[in-house]
Amino acid sequence: MYNETVIDHFKNPRNAGEIENADGIGIVGNPACGDLMKMYIKVTDDVLADIKHKTFGCGAAIACSSVATELVKGKKLDEVNRLTRDEVAAELNGLPPEKMACSNLAPDAIRAAIENYRGNKPKNKDGQNESTT
Ligand code: FES
């Protein structure tokens with residue numbers, strides 16, 4: 001039911017693993033199946049310098065986390081935040097319709113990691129995160 005691109009990313013997930021001393025960590029779960037995804041990010045000058053994932057999920061979720069990390073690496077955080085599940089699925093040349101819900105996890109986990117990073121940043125005198133000013 002999966003195409004060759006999905007199977008390739010499932011069998012050889014890119015950017016799999018963990019970043020020690022990550023600047024941000026995002027964890028999301030799919031309540032429908034109990035699967036879990038963790039994203040670790042390193043940020044330099046508001047650019048996503050590095051990203052790794054640990055995905056405890058179905059083949060589609062693993063393939064999505066693999067391709068999503070490739071899509072966002074090296075991009076500005078605001079651009080990364082706009083990543084959609086449709087872009088992830090398109091990069092995989094499509095997913096079976098019943099697996100589209102699984103493609104939410106990667107963009108959501110990446111956004112959660114950015115939120116975590118921005119929450120960890122020191123605040124400026126106006127109480128805003130320094131990275132957003
Ligand atoms: Fe759980 Fe796909 S079935 S993420």
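Just follow the structure's listing: the first ligand is 1, and inside any ligand the first atom is 1.
- Within Asp35, the N, O or S atom lying nearest to atom 1 (Fe) of ligand 1 carries the name OD2.
- Close approach of ligand 1 to Lys99 is summarised as follows: ligand atoms under 4.0 Å from at least one heavy atom of the residue are 2 (Fe), 3 (S).
- Ligand 1 places these atoms under 4.0 Å from at least one heavy atom of Asn30: 1 (Fe), 4 (S).
- Arg111 contributes no side-chain N or O that, together with a main-chain N or O of Gly26, makes up a donor-acceptor pair within less than 3.5 Å.
- Val6 and Leu83 fall within a single hydrophobic cluster, where Ile, Leu, Val, Met, Phe, Trp and Tyr are joined by side-chain heavy atoms under 4.5 Å apart, directly or via other members.
- For atom 2 (Fe) of ligand 1, the set of nearby N, O or S atoms under 2.8 Å includes none belonging to Cys33.
- Listed by number with element, the atoms of ligand 1 under 4.0 Å from a non-hydrogen atom of Cys102 are 2 (Fe), 3 (S), 4 (S).
- In the hydrophobic clustering of this structure, Leu95 groups with Val88; members are Ile, Leu, Val, Met, Phe, Trp, Tyr whose side-chain heavy atoms approach within less than 4.5 Å, directly or through other members.
- The closest side-chain heavy-atom distance from Asn30 to Met37 is not below 4.5 Å.
- Near Cys58, meaning under 4.0 Å from one of its heavy atoms, ligand 1 places the atoms 2 (Fe), 3 (S), 4 (S).
- No side-chain donor-acceptor contact under 3.5 Å links Asn93 to the backbone of Asn3.
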